[in-house]
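A note on names: the letters A, B, ... follow the listed sequences, proteins ahead of strands, and every chain is numbered from 1.
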Amino acid sequence: MTNRDRGLGSGGAFHWFFQRITGAVLLIALLLHFWVLHFFPPDHGNITYETVMARLQHPLWRTIDLLFLVVGLYHGMNGVVLVVHDYVRAKGWRMAIVGALWVATIVFLIVGSMTILGLAGGRA
Amino acid sequence: MHYKWKTGMLAWVLFRVTGLALVGYLAMHIIVISNLHDPAKFDETMRFLGSWQFRVLEIGLFFIVLYHALNGVRIFIVDFWGGAVHQAKLFWGLATLGVILFAAGTYPMLSHALYWKDVQSGKIEHHGSGYGGAGQPVNKSVAAGSTSQEAKDD
């Protein structure tokens with residue numbers, strides 16, 4: 001079975017393998033995420049600044065959320081790259097789109113990290 | 001064989017569509033959560049997104065996440081443990097698991113949604129963390145940030 005048969009374009013073995021590893025991590029992280037914030041949230045799911053900040057005071061939660069952010073963004077970006085490789089044949093366009101995806105991913109990584117680490121102001 | 005090809009094909013198309021939808025959602029999610037730098041704005045946004053209507057839509061999000069996750073598990077098993085031999089059994093086994101998990105997760109999510117529906121229609125009053133919750137006026141002194149309160153269940 002080649003990568004193209006798997007619908008993975010020419011992403012290569014590294015991306016193919018990492019998409020599965022990050023997927024497995026996200027499975028666990030999302031179970032935790034839904035458990036804490038959707039299934040059994042405090043106060044009938046009334047999510048407020050105070051409740052979120054109280055959770056983010058714990059270094060372990062910050063670590064989990066940062067890991068969740070990095071892995072989620074990588075998995076998402078890599079997924080879009082795999083789709084691009086399947087449908088965009090022209091090399092120039094491919095590189096331009098993948099480059100734009102990288103830039104967007106890094107921007108979202110910075111924005112998300114600043115939120116988790118309380119670096120964007122507020123009362124953290 | 002024709003039947004197996006059809007289910008596999010549909011599963012694959014839905015996998016891509018749900019994956020792209022989740023990427024879009026992740027981007028929106030990161031932007032919304034970045035409101036945490038402004039407590040009043042964050043609470044205002046969450047009161048809007050915490051309405052019962054959005055909570056029902058969140059069940060749809062749960063469905064999309066669950067589908068993508070379980071099809072991902074299927075691919076993982078096929079690729080790493082040679083599940084291709086039992087392709088159909090694996091597919092329907094995970095589909096059954098998906099229905100069970102969807103029902104199990106929807107129950108608490110729907111009960112929260114129905115609770116806030118009653119709060120929004122004025123049927124019941126919410127006594128929570130002091131913010132008033134979805135559809136209720138903000139408690140100004142708390143929003144201004146005098147004390148740190150942790151949410152308590154009623």
Side-chain angles (χ1 to χ4, degrees), chain A residues 1 6-7 16-17 19-24 26-27 30-31 33-35 37-57 65 69 72-73 75-77 79-80 82-83 86 101 104-105 107-109 111-116 118-124, chain B residues 12 15-16 19-20 22-23 26-27 30-31 33-40 42-43 46-47 49-50 55 58-59 61-62 65 68-69 72-73 75-76 79-80 84 104-105 107-109 111-113 115-116 119 126 128-134 142-143 145 147-154:
Chain A
M1 210 186 210
R6 295 178 202 271
W16 174 86
F17 182 71
Q19 198 66 349
R20 276 140 188 79
I21 299 305
T22 51
L26 284 174
L27 185 72
L30 273 164
L31 184 67
H33 186 67
F34 267 80
W35 192 278
L37 287 156
H38 295 278
F39 301 154
F40 309 107
D43 196 28
H44 301 280
N46 183 27
I47 310 296
T48 67
Y49 177 81
E50 299 294 341
T51 57
V52 174
M53 274 310 171
R55 192 157 40 82
L56 282 177
Q57 294 306 311
D65 283 348
L69 177 74
L73 274 173
H75 188 88
M77 185 207 61
V80 177
L82 296 174
V83 174
D86 272 355
L101 280 169
T105 303
V107 169
F108 277 104
L109 185 64
V111 170
S113 304
M114 280 170 76
T115 305
I116 294 166
L119 296 174
R123 291 181 285 128
Chain B
W12 179 244
F15 192 53
R16 289 219 144 161
L20 290 172
L22 287 170
V23 168
L26 176 65
I30 290 170
I31 292 167
I33 301 298
S34 74
N35 274 330
L36 270 175
H37 66 81
D38 184 345
F42 180 78
D43 283 341
M46 288 317 282
R47 263 197 312 284
L49 297 176
R55 287 174 193 276
E58 266 173 6
I59 297 171
L61 171 71
F62 174 51
V65 169
H68 195 83
V73 168
I75 290 171
F76 197 99
D79 283 353
F80 290 139
Y107 181 76
M109 288 177 84
S111 18
H112 296 313
Y115 173 85
W116 290 105
V119 172
H126 178 69
S129 61
Y131 279 97
V142 179
T147 50
S148 168
Q149 296 189 9
E150 291 220 17
K152 290 174 191 75
D153 274 317
D154 280 345

Contact origin within [X] toward chain A - heavy atom pairs under 4.5 Å:
X         : result
Phe62(B)  : both
Ala104(B) : neither
Leu22(B)  : neither

Spatial distance of atom [atom1] ([X]) from atom [atom2] ([Y]) [nearest 0.5 Å]:
X        : Y         : atom1 : atom2 : answer
Gln19(A) : Asp79(B)  : CD    : CG    : 12.0 Å
Leu30(A) : His68(B)  : CG    : NE2   : 10.0 Å
Phe17(A) : Phe80(B)  : CZ    : CZ    : 5.0 Å
Leu26(B) : Met77(A)  : CG    : CE    : 12.0 Å
Glu50(A) : Asp43(B)  : CD    : CG    : 7.5 Å
Leu36(B) : Met114(A) : CG    : CE    : 12.5 Å

Options Val23(B), Val73(B), Asn35(B), ranked by heavy-atom pairs under 4.5 Å with chain A, top entry: Val23(B)

Worked verdict on Ile31(B) versus Phe108(A) for side chain to side chain contact (heavy atoms under 4.5 Å, CB included): CA-CA 8 Å; Ile31(B) 292 167; Phe108(A) 277 104; 3.9 Å; yes

Among the listed options [options], the residue most often paired with chain B at heavy-atom distances under 4.5 Å:
options                                  : value
Leu26(A), Ile47(A), Leu56(A)             : Ile47(A)
Gly72(A), Ala104(A), Gly112(A), Gly45(A) : Gly45(A)
His75(A), His38(A), Arg55(A)             : His38(A)

Mutual orientation of the aromatic rings belonging to His44(A) and His112(B) [parallel < 30°, tilted 30-60°, perpendicular > 60°]: perpendicular

Is it the backbone or the side chain of [X] that comes under 4.5 Å from a heavy atom of chain B, or both, or neither?
X        : result
Ala24(A) : side chain
Phe39(A) : both
Leu27(A) : side chain
Leu69(A) : side chain

Close side-chain approach of Ile30(B) to Leu73(A), heavy-atom, < 4.5 Å: yes

Close side-chain approach of Val52(A) and Met46(B), heavy atoms under 4.5 Å: no

Return the minimal non-hydrogen interatomic distance between [X] and [Y], and the atom names on each side.
X         : Y        : value
Thr115(A) : Ser34(B) : OG1-CA, 3.4 Å
Thr48(A)  : Phe42(B) : C-CE2, 3.7 Å
Leu82(A)  : Arg16(B) : O-NH2, 4.0 Å
Trp116(B) : Asn46(A) : CZ2-CB, 3.5 Å

Phe76(B) ring center within less than 6.0 Å of Trp16(A) ring center: no

